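Heads up: the structure comes next, in structure tokens.
Count residues from 1 along the sequence. Remember, it's 1-based here, ligands and their atoms both numbered in the order they're listed. These figures come from a predicted structure and were not determined experimentally.
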Amino acid sequence: TNELFKAADIALYRAKADGGGRVRLFEDTMLEQIRARQSMRRDLGVALERRELHLVYQPLVDLRSGRTGCVEALLRWAHPERGSVSPAEFIPLAEETGLIDPIGDWVLETACRQAVEWPDHVSVAVNVSAVQFRRDSLPLRVAAALARSGLDPARLELEITESVLLHDNEHNMRVLHALKRLGVRIALDDFGTGYSSLSYLRLFPFDKLKLDRSFVNDIGHSAQSEAIIRAAGEMGTALSMVTTAEGVETAEQLAWLRTHGWSQAQGYFVGRPSHSPFNLASAFGTKVGRSSF
Ligand code: C2E
Ligand code: MG
Ligand code: MG
Ligand code: MG
């Protein structure tokens, strides 16, 4: 990165010397971006100890009973100057710097400790990124979080995206089976956006299929997408997986998914990510609230 800085500085100097306004503007933006990433990376290093990271929780609601069967933990970073930074932005930084290990451990343990406070039938879902999954130590880290929190392993679900599974089949299978032996469940996240979904369904018994929200978005607008969602749902059910649709934003989408046999829905219409998912008023009314337990 230092070299990149130097190169950018030289380019900037040259652009200034040339008096080229357009070039300079481009170099300025580039330099600004590099500096912003650099400072974010530095800030992320102390974010954990400064307690700037926290989790919010979004309900996954059972489409037959209307009850919350699972809650997904989503990481948030309240940056002192930048405000709320999206995990899509800082997880890659955490992966580059190795900070993903302490952050990932913190997420696992915090989510498990939180779930212990919830009703027994509610499980918690935790996202696992590519770099976390590449570690041989992942099953050990998960076991540690379970032991420290006292959470029943059956109430922990790990979400893995297809892209995580792209390389090194042998390692993937070893880690997936080690996790299964711990008694936790495995969900295939963002289903339909990667390249290897079908081969992975053949190789490993996932417990849950989470259809990417880009498909759900199309409900009511694209017969093509609806045919794919129907087929994916039937396939998931035939393979004994819980089928979850993400990004459900309208009553129409919810009704469609219920009609076509999907088991769970997650999305803003059902409940937004929040600190206390069981106090939310939601589209499902009181059944999502604590009163139904
Ligand atoms: P994801 O696992 O697919 O999580 C779902 C994302 O969709 C979340 O974004 C959630 O806030 C958003 N979402 C939920 N319902 C709706 C909806 O109805 N409409 C729309 N437009 N969006 C909806 P978020 O929280 O920004 O997280 C983005 C991604 O960052 C996650 O995608 C996940 O891959 C990753 N991530 C989040 N938390 C963690 C974490 O603790 N560890 C790791 N490794 N990755 C995380
Ligand atoms: Mg997820
Ligand atoms: Mg997802
Ligand atoms: Mg997604």
Checking only N/O/S atoms, does Thr161 have one that is under 2.8 Å from the Mg ion (ligand 2)? no
Suppose we only allow N, O or S atoms; which atom of Asp190 ends up nearest to the Mg ion (ligand 3)? OD1
State whether Asp212 contributes an N/O/S atom found under 2.8 Å from the Mg ion (ligand 3). no
Would you please determine whether Gln132 falls within less than 4.0 Å of ligand 1 on a heavy-atom basis? yes
Show your working on salt bridge (charged side-chain N to carboxylate O under 4.0 Å, His left out) between Asp62 and Arg67 and close with a plain yes or no. CA-CA 5 Å; Asp62 187 290; Arg67 289 213 303 183; over 6 Å; no
Would you say Glu72 touches ligand 1, if touching means a heavy atom closer than 4.0 Å? yes
Report yes if Leu75 has an N/O atom closer than 3.5 Å to an N/O atom of ligand 1; otherwise report no. yes
N-O pairing of Asp168 and Arg134 below 4.0 Å: no
Could you please spell out the steps behind the side-chain contact (heavy atoms from CB on, under 4.5 Å) verdict for Val124 and Arg155? CA-CA 6 Å; Val124 67; Arg155 293 179 60 198; over 6 Å; no
Can you list the atoms of ligand 1 that are under 4.0 Å from a heavy atom of Asp190? 3 (O)
Does this structure show an ion pair linking Arg230 with Glu234, if we count only N-O contacts that are shorter than 4.0 Å? no
Closest by any non-hydrogen atom to atom 27 (O) of ligand 1: pick that one out of Pro273, Ala73, Pro87. Pro87
So which of Phe90, Phe133, Trp106, Tyr268 gets nearest to atom 13 (N) of ligand 1, if we judge by its closest heavy atom? Tyr268
If we count only N and O atoms by modelled type, under 3.5 Å, do the side chains of Asn127 and Glu72 hold a donor and an acceptor together? yes
Looking only at N, O or S atoms, which one in Asp189 sits nearest to the Mg ion (ligand 3)? OD1
Out of Leu55, Val131, Asn127, Ile160, whose heavy atom sits nearest atom 2 (O) of ligand 1? Asn127
Using the Mg ion (ligand 2) as the vertex, how large is the angle between OE2 of Glu72 and OE1 of Glu159, rounded to 10 degrees? 90°
Whether Gln266 lies under 4.0 Å from ligand 1, heavy atom: no
Closest to the Mg ion (ligand 3), which N/O/S atom of Glu246 is it? OE2
Atoms of ligand 1 close to Glu249 [distance to a heavy atom under 4.0 angstrom, numbered from 1]: 17 (C), 18 (O), 19 (N), 20 (C), 21 (N)
